[in-house]
There are 2 protein chains.
Amino acid sequence: MKLSTKGRYGVKAMFDLAQHLGEGPIALRSIAERQGISEHYLEQLVSGLRKAGLVKSVRGAQGGYTLGREPGKIRVGDIIRVLEGPLAPVDCVSEEDPEFCAKAESCVTRCIWEKVRDSIADVLDSITLESMLEDAKKLETDRSLYMYYI
Amino acid sequence: MKLSTKGRYGVKAMFDLAQHLGEGPIALRSIAERQGISEHYLEQLVSGLRKAGLVKSVRGAQGGYTLGREPGKIRVGDIIRVLEGPLAPVDCVSEEDPEFCAKAESCVTRCIWEKVRDSIADVLDSITLESMLEDAKKLETDRSLYMYYI
DNA sequence: TGCATATCTTATTAAAATACTCGGGATTTG
DNA sequence: CAAATCCCGAGTATTTTAATAAGATATGCA
């Protein structure tokens, strides 16, 4: 039940883009350096995000990537689904075209995996890049207040 | 974010044992046949479950396995944790000894993985073998009622 | 125009994890 | 004793992961 680096790196990279919103296209190299990710590997991940419309690219010198739409309209769930495939702890309850199983109607364990899938989806779809930016801001002021009292 | 066969087979096998409660020790071979699992592979999984006290073994002819405690006191989460390791979508929020990360205090993505972990744990720890038996019974009567009306 | 900077695309690969398989030993019942 | 069963460790084929590499394409700027 682990996320691969694809999902983790992808969320990091998208959040990095959100943090640099309005600064024009951001080069992958700078994202990779800030987040400590292999640039070439990140390239592959971002390629998928671009095809899904989550980022837009600008080629050539001074090029780079920007968010495909407003941060409030990009959910962490959207990112994870692109990079890790449809949410599903097991294939028979996949969000899209679940694997057929003859016993599905009478399967008790299936109900469990459905609940797990839905609870994960609820969490990931309730968090947007915008809400993450707000959280980061809050974390920042909390920390500076804390420093102040010490 | 997939469960491996270890977790899936393990839950199936434990539920099978619950369904045969009170029939004395159940041989692995019969569980493997009913559930369509490789017997030798299941052996490895059950070995872990035994060390964790979730099943008891009886060696020798007519031997087999029984549940280690009442079905109401065995949560699906207990089974998954034994077979798949501590719940954690990423290592830095592992349920036990999470991987150290210097940026943990100010990490926004970390909060996400914590929420995911907790929501998964909530689901898996709310389901016991006993509640699964009840669900199975209910599914059964629902299906026979349905058949009756056709 | 030409060079530096980027994205884009495909192929290859090393290492790890997964899902078994196999062989043999220990223990108990009939 | 023989059959059934659990117990244990080693070996292995396949798949996935996480990169790495090499080159093609596009663009801004001097």
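Proteins come first, then strands; the chains are lettered A, B, ... in the order of their sequence lines, and each starts at number 1.
Closest contact between the side chain of B:Ser57 and the listed nucleotides C:dG30, D:dC6, C:dA6 involves D:dC6. Side-chain atoms of B:Ser4 lie closest to C:dA19 of the nucleotides D:dC6, C:dT7, C:dA19. Comparing D:dA19, C:dT29, C:dT5 by their nearest atom to the side chain of A:Ala61 picks out C:dT5. Among the nucleotides D:dA19, C:dT29, D:dC7, the one closest to the side chain of B:Arg59 is D:dC7.
Along DNA chain D, the nucleotide closest to A:Thr5 and the one closest to B:Val58 are compared, and the more 5′ of them pairs with B:Val58. Where B:Tyr65 and A:Arg8 each meet DNA chain D at their nearest nucleotide, the meeting point lying more 5' is that of B:Tyr65.
Residue A:Gln35 holds its CD atom at 9.0 Å from CG of A:Leu42, rounded to the nearest 0.5 Å.
Considering all non-hydrogen atoms of both residues, B:Gly68 and B:Ile74 come closest at N-CD1, 4.5 Å.
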Check step by step if salt bridge (charged side-chain N to carboxylate O under 4.0 Å, His left out) holds for B:Arg81 and B:Asp125. CA-CA 11 Å; B:Arg81 284 185 187 87; B:Asp125 289 339; 2.9 Å; yes
Check step by step if salt bridge (charged side-chain N to carboxylate O under 4.0 Å, His left out) holds for A:Glu134 and A:Lys138. CA-CA 6 Å; A:Glu134 286 161 14; A:Lys138 192 164 187 314; over 6 Å; no
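The distance between atom NZ of B:Lys6 and atom C1' of C:dA17, rounded to the nearest whole Å, is 8 Å. Here the P atom of nucleotide D:dT16 and the CD atom of A:Glu84 are 13 Å apart, to the nearest Å. Remark: P of D:dT5 and CD1 of B:Ile26 are 11 Å apart, rounded to the nearest angstrom.
Listed pair B:Tyr9 / C:dC20 meets the phosphate criterion, a side-chain N or O lying under 4.0 Å from OP1 or OP2.
B:Glu95 contributes a side-chain N or O that, together with a main-chain N or O of B:Leu87, makes up a donor-acceptor pair within less than 3.5 Å.
Side chain to side chain, B:Ser94 and B:Glu99 fail the donor-acceptor criterion of an N or O pair below 3.5 Å.
Heavy-atom distances under 4.0 Å link DNA chain C to B:Ser38, B:His40, B:Tyr41, B:Gln44 of residues 28-56 of chain B, given in residue order.
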